Amino acid sequence: MEMDTRRRGLFWDVLEGRIPPPPAAELLGWELVNVDPDRGTIEVAFEADERFANPVGVVQGGFLAAMLDDTLGPALVATLQEHQFAPTLDLHVQFLRPARPGRLLGRGRIVQRGKEVCFLAGELVGPDGRPVAVATATARIQTVRQE
């Protein structure tokens, strides 16, 4: 995928290597598949290894929730101006079926964007293309303080 090197901001700075990726994204194996800031959509992949498994061998729900948070948030953050960020105010996750360790695909979108408050939605799908979890979230656009 070709990147737009004219864009600035946290999301684009990480993609272009101007700043390091967040440790949480690295832990989850976050990988950008596709982003369309004009449409407010994103696709990302995660690599859930055996460390993410619960005692019965499936990915623990907290990791799935983190993956969804790291899908929905970037759908919005990719659209923001430099020096803006949008922390998640709430995240509602519904677990649909067990997720086995391996590659999972997250799809996120902006449902509605206000001046400060934005509503997001998305899903996490397994290798077979079937959803394992869905989520909605609310985020608040803020200016990042420069030190």
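Here the structure is a predicted model, which is why all the values come from computation and not from measurement.
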Can you confirm whether the side chains of Arg113 and Thr79 place a donor and an acceptor under 3.5 Å from each other?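 Yes - a donor-acceptor pair under 3.5 Å links their side chains.
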
Do Asp36 and Thr41 have side-chain atoms, one donor and one acceptor, less than 3.5 Å apart?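 Their side chains do not contain a donor-acceptor pair, so the 3.5 Å distance test is not met.
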
Shortest non-hydrogen separation from [X] to [Y] and the atoms involved:
X: Ile141; Y: Cys118; answer: CD1-SG, 3.7 Å
X: Val44; Y: Leu105; answer: O-CD1, 3.2 Å
X: Pro98; Y: Val132; answer: O-CG1, 3.9 Å
X: Leu72; Y: Ala135; answer: CD2-O, 3.9 Å
X: Pro74; Y: Asp69; answer: CD-O, 3.8 Å
X: Val93; Y: Ala65; answer: CG2-CB, 4.0 Å

Please round to the nearest 0.5 Å and tell me the distance separating atom [atom1] of [X] and atom [atom2] of [Y].
X: Ile110; Y: Arg39; atom1: CD1; atom2: CZ; value: 11.5 Å
X: Leu76; Y: Ile42; atom1: CG; atom2: CD1; value: 10.5 Å
X: Phe85; Y: Leu80; atom1: CZ; atom2: CG; value: 9.0 Å
X: Thr138; Y: Gln112; atom1: OG1; atom2: CD; value: 10.5 Å
X: Gln84; Y: Glu116; atom1: CD; atom2: CD; value: 10.0 Å
X: Asp90; Y: Arg140; atom1: CG; atom2: CZ; value: 13.5 Å

Counting only N and O atoms by type, is there a donor-acceptor contact under 3.5 Å from the side chain of [X] to the main-chain atoms of [Y]?
X: Arg97; Y: Ala133; answer: no
X: Gln60; Y: Gly62; answer: yes
X: Glu16; Y: Asp13; answer: no

Side chain proximity check, [X] to [Y], heavy atoms < 4.5 angstrom:
X: Leu28; Y: Asp70; answer: yes
X: Arg51; Y: Pro101; answer: no
X: Trp12; Y: Ile19; answer: no
X: Trp30; Y: Thr71; answer: no

Shared hydrophobic cluster for [X] and [Y] (ILVMFWY, side-chain gaps under 4.5 Å):
X: Leu96; Y: Val125; value: no
X: Leu10; Y: Leu89; value: no
X: Val59; Y: Val134; value: no
X: Val58; Y: Met67; value: no

Considering residues at least two apart in sequence or located in another chain, which fulfil the salt bridge (charged side-chain N to carboxylate O under 4.0 Å, His left out) criterion with Glu31?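 If we apply the salt bridge (charged side-chain N to carboxylate O under 4.0 Å, His left out) test to Glu31, skipping adjacent residues, the hits are Arg103.
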
Tell me if the CD atom of Glu26 is crowded by more than 12 foreign heavy atoms within 6.0 Å.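 Yes, CD of Glu26 has more than 12 neighbouring heavy atoms, counting only those of other groups under 6.0 Å.
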
State whether Arg100 and Asp128 are salt-bridged, where the test is any N-O pair (Lys NZ or Arg NE/NH1/NH2 against Asp/Glu carboxylate O) under 4.0 Å.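 Looking at Asp128 together with Arg100, the answer is no, because their closest N to O distance does not fall below 4.0 Å.
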
Mind checking who shares a hydrophobic cluster with Val117, ILVMFWY linked at side-chain heavy-atom distances under 4.5 Å?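 Once heavy-atom contacts under 4.5 Å are chained together, Val117 belongs with Val111, Phe119.
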
Whether Phe52 and Phe63 hold their rings parallel, tilted or perpendicular, with breakpoints at 30° and 60°: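 It falls in the parallel class, under 30°.
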
